[in-house]
Protein chains: 2
Amino acid sequence: MTQSKTDPRVLRTRKLIMDSFIELSGQKEFKDITVKDITTEAMINRATFYYHFQDVYDLLDKVLSEVLLVNLNCSIFEKSDLNEESIIRIFTAITNFQKSLSNRCHRGYEDTISRIIREHLEIVLYKMLLIQHNTKEDAALKTTAVILGWGIYGASVEWRKNGTDKSPEEFIKSSIPYILSGITLDSKN
Amino acid sequence: MTQSKTDPRVLRTRKLIMDSFIELSGQKEFKDITVKDITTEAMINRATFYYHFQDVYDLLDKVLSEVLLVNLNCSIFEKSDLNEESIIRIFTAITNFQKSLSNRCHRGYEDTISRIIREHLEIVLYKMLLIQHNTKEDAALKTTAVILGWGIYGASVEWRKNGTDKSPEEFIKSSIPYILSGITLDSKN
DNA sequence: TTCGATGTGTTGTATATACGACAAATCTAA
DNA sequence: TTAGATTTGTCGTATATACAACACATCGAA
């Protein structure tokens with residue numbers, strides 16, 4: 001499935017680059033981080049950077065993906081159908097991820113971050129929907145995953161803006177019935 | 001003086017190996033640390049280890065030397081004649097070094113550690129004696145450095161065994177007059 | 001004792017990384 | 001605006017590292 005074997009030098013170098021980038025992100029703005037800064041910190045040659053990444057945006061993309069995936073996978077992969085608990089876990093993972101980012105001053109790249117979060121969210125949600133409906137492929141479910149992805153992501157944005165007096169769990173919990181059973185749900189339920 | 005340029009890959013790999021060794025030393029006994037353990041932790045190939053070090057003993061030797069040199073150089077290199085202050089600094093550096101080692105469980109290698117400490121001590125002391133006596137080379141001073149080296153090292157061993165109720169500074173301070181002015185010194189001085 | 005397993009140290013070959021140079025883009029100050 | 005300085009992205013060549021295989025040593029259990 002994954003490529004059978006990757007040269008350890010590649011893994012090591014990528015890790016050095018990514019770690020250095022994360023380290024530097026804590027020290028200065030994204031826009032002030034040069035490739036030279038990164039490679040110096042990582043103790044690798046500048047040309048080697050371009051062997052692994054197209055440019056700093058590509059690196060940002062991959063770092064964010066990786067950090068987010070760690071947050072998502074750990075909490076979900078075994079329990080794989082969509083219920084109240086798993087939705088709460090996903091939502092918590094996302095808010096955690098965004099909190100960890102806000103310390104790191106990636107100002108001006110909210111759009112990149114947002115896109116990455118939604119992309120991964122859709123993949124995970126689609127998988128869970130497929131399992132739940134016991135099927136292999138389904139365009140309607142795919143679209144549903146997209147809608148859910150945007151919706152959940154939007155909720156996390158809203159939580160950061162207006163809801164931080166509640167925990168993420170409380171914040172999302174009251175809406176879950178509408179997600180699970182649909183908007184025509186009787187509110188007395 | 002030092003080799004004009006070393007390949008960064010060499011520096012990086014040596015650092016990875018040394019850091020991994022220090023990390024592992026905190027986890028298990030020296031005798032239980034294999035080359036494979038080190039190279040796995042360092043994310044390098046086992047053969048590469050032998051490109052840089054003869055064996056684990058050679059590594060131990062170099063790691064200890066480096067850690068000790070950091071302790072010694074920072075505290076001394078500018079003040080370069082032997083007086084009360086510099087002796088106290090040297091003694092403190094050595095006891096610090098040994099304290100940091102005792103956390104790291106290198107049981108069974110006290111002899112190696114002792115030898116390395118004394119070797120470096122003799123070099124530093126000899127340099128300082130040469131400066132003090134304003135000469136380039138002198139066999140008597142060299143032997144004196146050896147004697148002083150063994151003596152100061154011995155004092156640090158004694159301090160660890162029986163003197164830890166005092167600070168290293170207090171411990172060595174009262175003997176310094178005898179070192180500086182000789183054992184025939186009148187004790188009323 | 002013998003045997004299987006594990007660790008050591010070495011070697012030849014494939015490949016990732018270092019290096020220096022380069023043109024082009026971007027920024028900064030005058 | 002112009003000119004000088006950084007930064008970016010790319011290339012060819014040299015070299016450090018990866019890998020697999022090897023003989024040998026060491027060790028614990030049968």
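Fair warning: this is a prediction, and the values are worked out from it, not measured in the lab. Within every chain, numbering begins at 1; the chains are lettered A, B, ... in the order of the sequence lines, protein sequences first and strands thereafter.
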### Query
Reading nucleotides 6-16 of chain C from the 5' end, what letters show protein touch, with B for base, S for backbone sugar-phosphate only, - for no heavy atom under 4.0 Å?
-SBBBB---BB
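- Relative ring orientation between Phe30(A) and Phe21(A) is described as perpendicular, the plane-to-plane angle rising above 60° on a 0-90° scale split at 30° and 60°.
- Atoms CE (Met43(B)) and P (dA18(D)) sit 10 Å apart, rounded to a whole Å.
- A salt bridge between Lys15(B) and Asp19(B) is present, with a side-chain N of the basic residue lying under 4.0 Å from a carboxylate O of the acidic one.
- The NZ atom of Lys31(A) sits 13 Å away from the P atom of dT7(D) (whole-angstrom rounding).
- Looking only at distances, no side-chain donor or acceptor of Glu66(B) sits under 3.5 Å from a matching main-chain atom of Val63(B).
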### Message
Is there a side-chain hydrogen bond (donor to acceptor under 3.5 Å, both in side chains) between Ser156(B) and Arg160(B)? Walk through the geometry before answering.
### Response
CA-CA 6 Å; Ser156(B) 80; Arg160(B) 273 205 297 165; 5.9 Å; no
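- Of the possible polar contacts, one joining the Trp159(A) side chain to the Lys166(A) backbone as a donor-acceptor pair under 3.5 Å is found.
- dG12(D) atom P lies 16 Å from atom CG of Asn45(A), rounded to whole Å.
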